[in-house]
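These numbers come from the heavy atoms of this one structure, side chains and all, not from hydrogens, waters or symmetry mates. Throughout, residue positions are numbered sequentially from 1 according to the sequence presented.
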Amino acid sequence: MKIHKNVTVSYKNILIEPTPYWYNIPLPSISIKDVQRLSDLETSKKYHYARELLENENANAENHPLLTSSNRKFMANIITSGTLNDKVSALTLMLRESPIHGMKTMETLMSMCKKKGKNESVMAVTSLKDLFVGSVLPDRKLIYFADRPLAAKEVTDLHLLIWAFEDHLKKTFLEFIQLVEELSRDTLMHVRNNMVTCIYDLLSGKPEQEQNLLKLLINKLGDSENKVAAKTSQLIVELLVQHPGMKMFVVREVEQLLLRPNISEKAQYYAIISLNQTILTGKDTVVANKLVELYFIFFRKLLQLTEEEEKEELKNKNKQTEEVEVEEKKSDKRKAKEKLEKKKQTELEEHQTKMVAAILTGVNRAFHFSNISDDIVEKHLEVLFKMTHASTFNAAVQALSLIFTISLTKPIISDRFYRTLYESLLDPRVSHSSKQSMYLNLLYKAIRADSDMRRVKAYVKRMVQIAARNQPAFVTGIFFLLSQLMKSQPGLRTMLNTPEEDDEDEHFVDAPEEGEEEVKVEVEKKRVEYDGRKRDPRFSNADKSCLWELIPFREHYHPSVAKYCEQIFAGEDIEGQSDLHQFTLMHFLDKFVYRNAKKAVTTKGQSIMQPLEGSRREGVVFTRGGGMKPNSITLNSKEFMEKDVTDVSADDVFFHKYFHQKNIKTEQSKKKKAENEEDEEDEVWRAMMSSIPGGLDDEGDDDLLEDEDEDEDDDEMRALLEEDSEDMIEEEEGEDLEEGEDMSGDEDEDLEFMNASDMDESSNKRAFESSEEEEQEVKPKKAKKERLPTFATYEDYAKLIEQEEDE
């Protein structure tokens, strides 16, 4: 019987000490000068030798004291008998200790990624992603073994070992990306969503395979689910925030996606809104030029599609009119098919309007940083002017703002721009547009930049004209802009303080000399009048007319509008809030329910391409959201009621008056209650009288008082709203009182007689001898029940009961 000795492998046989950061291992320096590339045969031999070194290294490392601890044995037990989550966690910890000695662990995790079970594969992919981003991958791109200087003389086994592991890691990572790509096309939405996050983390964390990862990420913009596509767009914006140097590469990849022949409308939309959120600086001129060029190319492509669709619709209509309908009744399938076609058509129209708005937004943001040639701009100007007439109002505002930006550098198109902008003021869609603040700011910039005073005055008149059919928020915005324009151009005040010229003066003609016939000269009396129907505002004669349209706003129902109008007439500057939201109905209702001040306005998302509070130095803004402004006083607080009326804003005077009157009445009611509490004897007497059958004469007084307290607030509010009507009623009541003085005198006499009868009844031992006729004479208004003292006789009470039965 042979006894085999236990052969122990010393840990000194390994070339590399276990470490999670294998790329930081110091290596002997190598001179790369005059090093030639080896042939394929020699490279393969070197690679096989290096692979043997790597496998031996992994085999010898199994007995290393750092890798054979009790914790590692415990994790090995978990791998064999633990749950799925425990297995993945244990494998992740073992691979993190020393990646170069954990090739088997990495292969196990890769095999778990290939499993059919989605839960197991997603968990394995997530754990490997965390490993790659955390410590396994270096902050540089990995290099293949064949690209190393293998022919150098200084190359040792340590070099070959690390280079072989790096080659193995690079191939494994490429295989891992292929698995992620397969899972990103899975039928389950949450799996695709997790893969999008995984791709973003790998792309933003490490540079390895960044080109393939970027293609995968941008390709998910065309996902069938809106949630996945929207999340992809958000992650692309966040990627550009973290890595600004990738802007050009992202733009090129998105361009390739947009110009595909079979791309869906949804993918186009999400690609465009991802591009128009790109943050540009003065150094990004090349990127801005590329963006503007891409926007215009896609813009023309979109317009061509719409033109072709319109032609097809016309052809179909002509065919339908020419063809004779054979079938009178359509089948159900035919009707369902037509409904689907109509639904698709409406969705396509909505998509096109959204696309146009997104493209124009992107052009407006990128044009300021671009440096494109004049020929490219001239090509697309006709398209932009067409959009101002044919598209939605929001898209038209975007197109007008872009044309205005171009007109600042090219004054040739300024006349056409001002004519188009002048015509847009009469568009009825202004009143319910969500771009009112943007439109008002465009008007302000365009009018301030115009040097022709005739055109400026025509704009001012038309702005005041359209204010009459709009809500107070828009009207206050117009008046605020008028105040700013009159401040920058004082010549506009002549429309308020200078009368119109009258050309109906006398015309004198020289008398004819001797021998000459008298020539009759008919002098036509012409008067220059304002004509708002002119297309060109310069020829509307607005400079020779007054701003009569402003007078009705002095009596506007909104106090802020009336106040702003008076300030314009007085020549005062409108200072304060230029936020249109402060004059909307929602803001009024927020004050009416006494909401607390809202929190500070924060940005939404990672993009900085959004309006911030206080970022606009001039013009108007429109902040969305409910609640009151920060640092504002609640309207029902003591601080607000203690303010003077002159210190309160115009739209808060109503609340100040209401709460001030309410406070006075509540104090008076409190005093009355205090006086009633002092009279304890009356309270005792009323309690004693309440025990008598039949009740008190004024038993309903308490209920009336309670009703008055409940309706007190409503009465006060109604009193404020109907002050004028109450004054008229008081005058009429005064006249009626003068006419009816005799009637009041009779009532006083009746009251005196009633008091005397009460005294007679108390002196005659409280007997009831009066008849019903006498009772009606004593009580002309209301028949009251007779009062009896608490301690009366039985006969008195019996008589009272019989009287109630007779009634």
**Item:** More than 12 heavy atoms from other groups under 6.0 Å of NZ on K354
**Value:** no

query = Does the Q209 side chain pair with the main chain of F173, one donor and one acceptor, at a distance under 3.5 Å?
reply = no

Practice prompt. Return yes if a side-chain donor-acceptor contact under 3.5 Å exists between N394 and S433, otherwise no.
Written response: yes

Quick one, E382 with K386, criterion salt bridge (charged side-chain N to carboxylate O under 4.0 Å, His left out). Give me CA distance, side-chain angles, the key distance, then yes/no.
CA-CA 6 Å; E382 290 296 328; K386 184 179 179 181; over 6 Å; no

* Asked: Taking S414 for the side chain and P411 for the main chain, is one N or O donor matched with an acceptor at less than 3.5 Å?
  -> yes

Donor-acceptor contact below 3.5 Å, side chain S370 vs main chain I372: no

Closest heavy-atom pair, S274 versus S233, reported as atoms and distance to 0.1 Å, is OG-OG, 2.7 Å

Exercise. Just checking, any donor-acceptor pair under 3.5 angstrom between side chains of S401 and N364?
Worked result: yes

Separation between CZ (F417) and CD1 (I403), nearest 0.5 Å, reads 7.5 Å

| request: Starting from the C-alpha separation in whole Å, work towards a yes-or-no answer on side chain to side chain contact (heavy atoms under 4.5 Å, CB included) for F393 and H432. | output: CA-CA 10 Å; F393 183 77; H432 55 269; over 6 Å; no

When every non-hydrogen atom of G222 is compared with those of A267, the smallest separation belongs to CA-CB, 3.5 Å

Those residues at least two apart in sequence (or on a different chain) that pass side-chain contact (heavy atoms from CB on, under 4.5 Å) with V133 are K129, L202

One should read off an interatomic distance between I236 CD1 and L275 CG, to the nearest 0.5 angstrom, of 8.5 Å

Under 4.0 Å between a Lys/Arg side-chain N and an Asp/Glu carboxylate O for E208 and K171?
-> no

Problem set entry | R419 and E423 ion-paired at < 4.0 Å | no

Looking at D415 and R455, is any side-chain nitrogen of the basic one under 4.0 Å from a carboxylate oxygen of the acidic one?
yes

CA sep, side-chain torsions, deciding dist, call: F132, F176, ring pair (Phe, Tyr, Trp, His ring centres under 6.0 Å) = CA-CA 10 Å; F132 287 138; F176 173 73; 5.3 Å; yes

For residues 276-295, the salt bridge (Lys or Arg N to Asp or Glu O under 4.0 Å) pairs (sequence neighbours left out) are K247-D284, E255-K290

| query | Salt-bridged, D223 to K220, with N to O below 4.0 Å? | reply | yes

Nearest heavy-atom approach of L360 to A395 is CD1-O, 3.1 Å

| Salt bridge present between D147 and R37 (N-O < 4.0 angstrom) | yes

d(I406 CD1, L381 CG) to nearest 0.5 Å is 5.0 Å

Of all heavy-atom pairs linking L481 and Y444, the shortest is CD2-CB, 3.8 Å

Between R192 (side chain) and L183 (backbone), is there a donor-acceptor pair under 3.5 Å? no

Output for pair (Y23 OH, L169 CG), nearest 0.5 Å, gives 10.5 Å

* Mind running side chain to side chain donor-acceptor pair (under 3.5 Å) on Q234 and E238 for me, showing each step along the way? => CA-CA 6 Å; Q234 179 189 358; E238 293 179 5; 3.2 Å; yes

Item to complete: Taking the six-membered ring of F404 (Phe, Tyr or Trp), confirm whether the NZ or CZ of K445 is under 6.0 Å from its centre and within 45° of its axis.
Response: no

State whether the number of non-hydrogen atoms from other residues, nucleotides or ligands found under 6.0 Å of F249 atom CZ is greater than 12. no

Please determine whether a side-chain nitrogen of the Lys or Arg among D536 and K534 lies less than 4.0 Å from a carboxylate oxygen of the Asp or Glu.
no

The complete set of salt bridge (Lys or Arg N to Asp or Glu O under 4.0 Å) pairs with one or both residues in residues 458-468, sequence neighbours excluded, reads K461-E549

The reported gap from CG in L216 to CD in E181 (rounded to nearest 0.5 angstrom) is 5.0 Å

Between Y459 (side chain) and Y418 (backbone), is there a donor-acceptor pair under 3.5 Å?
yes

Discussion item. If you count every heavy atom of other residues, nucleotides or ligands that lies below 6.0 Å from K410 atom NZ, does the total exceed 12?
Written reply: yes

Q. Okay, side chain of E253, backbone of I218: is any donor-acceptor separation there less than 3.5 Å?
A. no

List the steps, then state whether salt bridge (charged side-chain N to carboxylate O under 4.0 Å, His left out) holds for E225 with K266. CA-CA 10 Å; E225 290 287 340; K266 191 185 296 182; over 6 Å; no

Looking only at heavy atoms, the pair that brings I447 and Q489 closest together is O-NE2, 3.7 Å

A458 and P537 have their tightest heavy-atom pair at CB-O, 3.4 Å

Looking only at side chains, do Y439 and S424 share a donor and an acceptor under 3.5 Å apart?
-> yes

Worksheet item: How about T197 and K231: does a side-chain donor come under 3.5 Å of a side-chain acceptor?
Response: yes

> Does D450 reach the main-chain N or O of A446 with its side chain, forming a donor-acceptor pair under 3.5 Å?
Replying inline: no

*Run the numbers on Q484 and F480 for side chain to side chain contact (heavy atoms under 4.5 Å, CB included), then give the verdict.*
CA-CA 6 Å; Q484 297 293 321; F480 182 80; 3.6 Å; yes

**OP:** Go through the side-chain N and O atoms of Q398 and T361 and say whether any donor and acceptor fall under 3.5 Å apart.
**Re:** yes

Between the CE atom in M463 and the CG atom in L482, the distance rounded to the nearest 0.5 Å is 5.0 Å

For H190, does its backbone N or O pair with a side-chain atom of N194 as donor and acceptor, under 3.5 Å?
yes

Just by modelled atom types, is the T285 backbone N or O under 3.5 Å from a matching donor or acceptor in the N289 side chain? yes

Is there a donor-acceptor pair closer than 3.5 Å between any side-chain N or O of T388 and the backbone N or O of F385? yes

Check: Could you walk me through whether L425 and L421 pass the side chain to side chain contact (heavy atoms under 4.5 Å, CB included) check?
Finding: CA-CA 7 Å; L425 282 167; L421 184 63; 5.9 Å; no

Q242 versus Y200, side-chain donor and acceptor atoms under 3.5 Å
yes

Requested in this report: Tell me, with the steps shown, if T278 and L240 meet side chain to side chain contact (heavy atoms under 4.5 Å, CB included).
Outcome: CA-CA 7 Å; T278 305; L240 294 178; 3.9 Å; yes

* Note: R140-E210 ion pair, threshold 4.0 Å (strictly below) -> no

